[in-house]
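When a residue number appears, it is its place in the shown sequence, counting from 1.
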Amino acid sequence: MVTCLALDRAGGRLATGSSDYAVRLWDFGGMTSSLQSFRHIEEPLGGYQLRSLDFSPNGDRIVVAGSSPQPVVLSRDGIKLLTLMKGDMYIRDMRHTSGHVAGTTCAKWHPTDGNMLATASEDGTVRLWDVEVAEARGDDAMSLSVQSGQRMVMCIKDSRGVKTQASSIAWHPDGMSIAVGAKDGSVQLWEHRSSEYKPVSLALNATPRNEFAAAKVKVGSVARRAHEADHDVTCVRWHRDGTTLASRSTDGTLKLWDVRRFEEPLAAWGGLDCNFAMAGCDSSPDGSMLCCGTSVKKGQGTSSLAFVSTLNHEK
């Protein structure tokens with residue numbers, strides 16, 4: 001099963017991830033009639049499920065994320081560049097560890113800054129990374145006395161203040177905020193305007209110091225009951241106008257939101273069965289339509305593509 005894919009912005013190169021734990025790269029310009037991939041990267045995360053792929057803004061790097069707590073960044077040609085740092089699972093407050101401690105669910109590059117990366121995880125956090133700092137660290141991924149490159153931590157919590165898994169993320173088109181879909185069914189908007197981050201220079205055998213001021217990062221607005229609780233919000237997708245947001249969930253719904261009035265959705269469409277946490281949705285270039293796929297259990301019909309209008313809200 002193909003679990004994730006990503007197309008670079010130029011439209012010439014495609015990356016696909018599969019349940020065989022491998023990533024394949026496809027080049028449309030150089031493809032022959034055999035329709036074969038030009039590069040096969042075996043198990044970039046080891047024996048972990050692949051869940052998310054994304055090309056950097058200029059297409060020179062690919063981030064690979066999955067059930068491993070350590071996403072990997074590859075070059076455009078599939079050469080491994082770095083592994084993001086793993087956090088300390090014995091620290092209770094997730095703001096005070098540099099890295100995820102549970103499987104990642106999604107990874108997205110900043111829309112314009114090819115050095116900034118966001119990752120979401122089952123540990124209830126979304127983390128921002130300085131990729132150049134992380135790459136300069138080299139393969140010393142387990143040492144606590146080195147720079148992790150982590151810039152910021154967003155702790156995702158439910159209405160009771162208890163952490164909940166972050167299942168999907170999407171950068172705002174201006175790159176100044178992030179939409180997060182959570183396991184409690186909520187959709188949350190986080191601002192990341194911050195000048196607190198300053199990489200630190202550590203002497204040999206020095207005590208590590210925080211590289212960020214996570215305590216000052218707060219959620220902007222939240223749609224608490226956007227979807228049913230305990231159902232993954234499998235995808236959040238911005239329209240290019242920056243005020244409209246679509247969300248897809250395993251509760252079988254697709255919803256459209258105006259983030260300026262986040263109390264109720266602009267429209268909601270039900271009966272769109274969804275059994276997979278990696279299911280996506282997308283909008284047409286002019287924003288007049290949304291599209292998502294449906295999934296059905298074996299012997300219970302056939303899957304389909306559903307198209308809905310954002311203008312008159314008809315399916």
Side-chain angles (χ1 to χ4, degrees), residues 1-86 99-100 103-121 127-142 146-151 168-171 235 276-280 282:
M1 177 175 67
V2 176
T3 56
C4 51
L5 56 84
L7 186 69
D8 73 351
R9 295 190 183 183
R13 185 158 296 186
L14 180 74
T16 58
S18 165
S19 54
D20 61 5
Y21 313 120
V23 171
R24 289 181 181 270
L25 300 180
W26 314 75
D27 189 273
F28 296 124
M31 189 177 289
T32 66
S33 58
S34 64
L35 305 179
Q36 297 296 308
S37 62
F38 76 90
R39 185 63 50 82
H40 178 211
I41 304 118
E42 293 186 13
E43 301 187 357
L45 298 180
Y48 287 98
Q49 178 191 43
L50 301 179
R51 296 175 176 172
S52 180
L53 291 168
D54 196 32
F55 275 93
S56 60
N58 60 5
D60 65 336
R61 289 182 284 197
I62 310 165
V63 62
V64 185
S67 53
S68 165
Q70 295 181 266
V72 167
V73 176
L74 308 174
S75 73
R76 178 178 174 84
D77 294 318
I79 299 169
K80 183 178 175 181
L81 300 177
L82 66 106
T83 301
L84 294 179
M85 194 165 174
K86 184 178 180 180
H100 292 297
T104 48
T105 55
C106 190
K108 295 289 182 183
W109 291 96
H110 188 278
T112 58
D113 185 353
N115 189 43
M116 189 183 297
L117 178 67
T119 57
S121 170
R127 298 174 188 266
L128 302 189
W129 302 86
D130 185 315
V131 176
E132 287 184 359
V133 173
E135 187 172 1
R137 187 193 64 238
D139 293 330
D140 191 9
M142 299 305 295
V146 295
Q147 289 273 20
S148 68
Q150 183 173 275
R151 295 188 61 155
S168 57
I169 53 175
W171 285 96
C235 182
F276 299 100
M278 287 81 78
D282 206 358

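- Crowding of Y48 atom OH: a count of heavy atoms from other residues, nucleotides or ligands under 6.0 Å not exceeding 12.
- In this structure, R61 contributes its side chain and G114 its backbone to a donor-acceptor pair below 3.5 Å.
- M1 CE to M278 CE: the interatomic distance, rounded to the nearest 0.5 Å, is 5.0 Å.
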>> Between I62 and V23, is the side chain to side chain contact (heavy atoms under 4.5 Å, CB included) condition met? List the steps.
In response: CA-CA 11 Å; I62 310 165; V23 171; over 6 Å; no
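- Rounding to the nearest 0.5 Å gives a distance of 10.5 Å between CG of D113 and CG of L128.
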> Stepwise, does the side chain to side chain contact (heavy atoms under 4.5 Å, CB included) test hold for L14 with F28?
Replying inline: CA-CA 8 Å; L14 180 74; F28 296 124; 4.0 Å; yes
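- With rounding to the nearest 0.5 Å, the separation of OG in S68 from CZ in R51 is 10.0 Å.
- Considering every non-hydrogen atom in both C106 and I169, the closest pair reads SG-CG1, 3.6 Å.
- Under 3.5 Å, the side chains of D77 and S75 contain no donor-acceptor pair of N or O atoms.
- Defined by atom type and a distance below 3.5 Å, a donor-acceptor pair is present between the side-chain atoms of T83 and K80.
- Between the OG1 atom of T119 and the CD atom of Q150 there is a distance of 8.0 Å, given to the nearest 0.5 Å.
- Summarising the geometry, atom CD belonging to E42 is positioned 9.0 Å from atom CG belonging to D20; distances are rounded to the nearest 0.5 Å.
- Taking the side chain to side chain donor-acceptor pair (under 3.5 Å) definition, one finds that T112 meets it with H110, sequence neighbours left out.
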